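Note sheet for the following structure.
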Amino acid sequence: MSEVYTWEPSNAAIAARYGLDPADILRFDTNTSPQAPPFVAETLGGPFDPPLNEYPDSAYAALTAAAAAYLEAPSEEIIVGAGADELLDLAAKAFLPAGGAALLPVPTYGMYGVLTSQRGARIAALPRRGPEEGFALDREAVIARLPDVQLVWLCDPNNPTGRSEDPATLEAILDAAAGLGAKGPLVVVDEAYHEFAGTSVAGWRGRYERLLVLRTLSKAFGLAGVRVGYGVAARPTIARLERVRPPGSISTVSATLGATALARPELARANVARLAEERARLAAGLVACGWQPYPSTANFLLVRVGDGTVAAAEAAADGLLRAGIVPRTFGPANPLRGHLRLTVRDRASDDRLLATLAALAERPGQAEPAGQGRS
Ligand code: PMP
């Protein structure tokens with residue numbers, strides 16, 4: 001039997017158990033300092049609440065409740081983490097044994113392969129369909145491989161191809177996985193870009209016990225530096241993840257900001273609306289430069305550069321970097337070599353990108369920085 005970390009109960013839990021006011025609880029069990037250094041209050045114009053000299057609430061009750069309210073799900077079906085990346089890691093730790101295998105429809109988000117390797121498990125890579133079919137999942141091929149794997153990494157909308165999956169495909173895969181019973185794999189559906197696409201399979205967790213849906217505050221909520229993500233699944237799956245969750249990986253500051261963000265979804269909605277408009281404008285600008293952006297339901301565009309050769313993508317990336325503009329490139333072994341991935345930013349930043357591209361087209365290899373400063 002492996003050892004499982006048991007966290008110290010929160011102030012709220014102790015107060016509830018003994019009928020006390022949480023404000024009257026004094027911790028002599030956690031070896032913390034009696035106060036935070038003065039610069040915290042000086043920086044913030046007052047002490048941070050909850051106090052930063054203490055550890056965060058081990059249950060992350062407020063953050064979990066905020067995610068539950070946002071999802072309209074019970075708190076027991078939520079797990080929070082230091083970004084979606086930590087939850088991906090927990091999923092691999094809890095469900096992927098060393099010597100096992102994980103199904104990876106490629107191209108997709110790089111962490112899935114990294115985490116699979118870190119577990120000492122095999123990557124069962126499966127090509128997605130081509131650009132003419134929207135880089136969609138190969139439904140039959142995925143289903144055929146399900147009996148051989150303990151975990152399936154799905155991403156919807158998929159990074160880096162930027163398209164949403166057909167819900168019927170996801171349903172067919174989940175049905176087939178459920179049909180394998182207790183031996184069936186965990187199916188992770190990473191919905192990091194959910195807010196941009198508007199679709200979700202989170203509501204299916206009652207039908208599929210081995211479905212784990214992951215979300216993040218790094219994208220539509222605009223808080224990548226805060227490092228908060230959350231997952232939603234049927235209770236038995238959440239319970240397995242909780243057994244490998246480290247205590248306190250989300251700082252008190254991050255948990256507080258994360259809860260506030262989830263309670264104000266209208267801000268994320270406004271961001272999504274603005275970015276959808278800007279995405280169309282950026283795509284049109286790229287087309288005018290002779291590039292081919294693929295349709296996107298996310299906050300980035302996958303772009304076929306010029307004639308789609310590796311040389312064209314490399315030259316463009318080099319020219320952009322010399323002007324201080326950083327595109328996402330793909331290595332020589334990646335099926336997307338010859339492409340770049342570009343985040344949709346704000347109008348001023350995207351204009352600087354487009355102006356640099358126009359300059360590159362005129363004088364390849366000699367682009368000067370277009371515009372100055374950070375925007
Ligand atoms: N999943 C996908 C598909 C992503 O693109 C990213 C960020 N690039 C993440 C997860 C990681 O999200 P977080 O910042 O919450 O760790």
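Remember, it's a predicted structure, so these values are computed and weren't measured experimentally. Counting starts at 1 for both ligands and their atoms, in listed order.
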Tell me, which pairs form a salt bridge (charged side-chain N to carboxylate O under 4.0 Å, His left out) where one or both residues lie in residues 117-128, sequence neighbours left out? R128-E165

Checking F330 now: which residues fulfil side chain to side chain contact (heavy atoms under 4.5 Å, CB included) with it, not counting sequence neighbours?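 P160, L302, R328, N334, L336, H339, R341.
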
Which pairs of nitrogen or oxygen atoms, taken one from ligand 1 and one from the protein, are under 3.5 angstrom apart?
residue: ligand 1; atom: 1 (N); partner: D190; partner atom: OD1; Å: 3.4
residue: ligand 1; atom: 1 (N); partner: D190; partner atom: OD2; Å: 2.6
residue: ligand 1; atom: 5 (O); partner: N159; partner atom: ND2; Å: 2.8
residue: ligand 1; atom: 5 (O); partner: Y193; partner atom: OH; Å: 2.7
residue: ligand 1; atom: 8 (N); partner: K219; partner atom: NZ; Å: 3.0
residue: ligand 1; atom: 14 (O); partner: S218; partner atom: OG; Å: 2.6
residue: ligand 1; atom: 14 (O); partner: R227; partner atom: NH1; Å: 2.7
residue: ligand 1; atom: 15 (O); partner: A84; partner atom: N; Å: 2.6
residue: ligand 1; atom: 15 (O); partner: T216; partner atom: OG1; Å: 2.5
residue: ligand 1; atom: 15 (O); partner: S218; partner atom: OG; Å: 3.3
residue: ligand 1; atom: 16 (O); partner: A84; partner atom: N; Å: 3.2
residue: ligand 1; atom: 16 (O); partner: D85; partner atom: N; Å: 3.0
residue: ligand 1; atom: 16 (O); partner: R227; partner atom: NH2; Å: 2.7

Taking the six-membered ring for Trp, are the ring centroids of Y70 and F221 within less than 6.0 Å of each other? yes

pair W153-L88: side-chain heavy atoms closer than 4.5 Å: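 Answer yes - side chains close enough.
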
List in chain and number order the residues that pass salt bridge (Lys or Arg N to Asp or Glu O under 4.0 Å) with E42, two or more places apart in sequence or in another chain; answer none if no residue qualifies. none

Looking at Y294, I'd like to know if the NZ or CZ of R163 sits under 6.0 Å from its six-membered ring centre while staying within 45 degrees of the ring's axis.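 Judged by the rule (NZ or CZ under 6.0 Å from the ring centre, within 45° of its axis), R163 is not positioned above Y294.
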
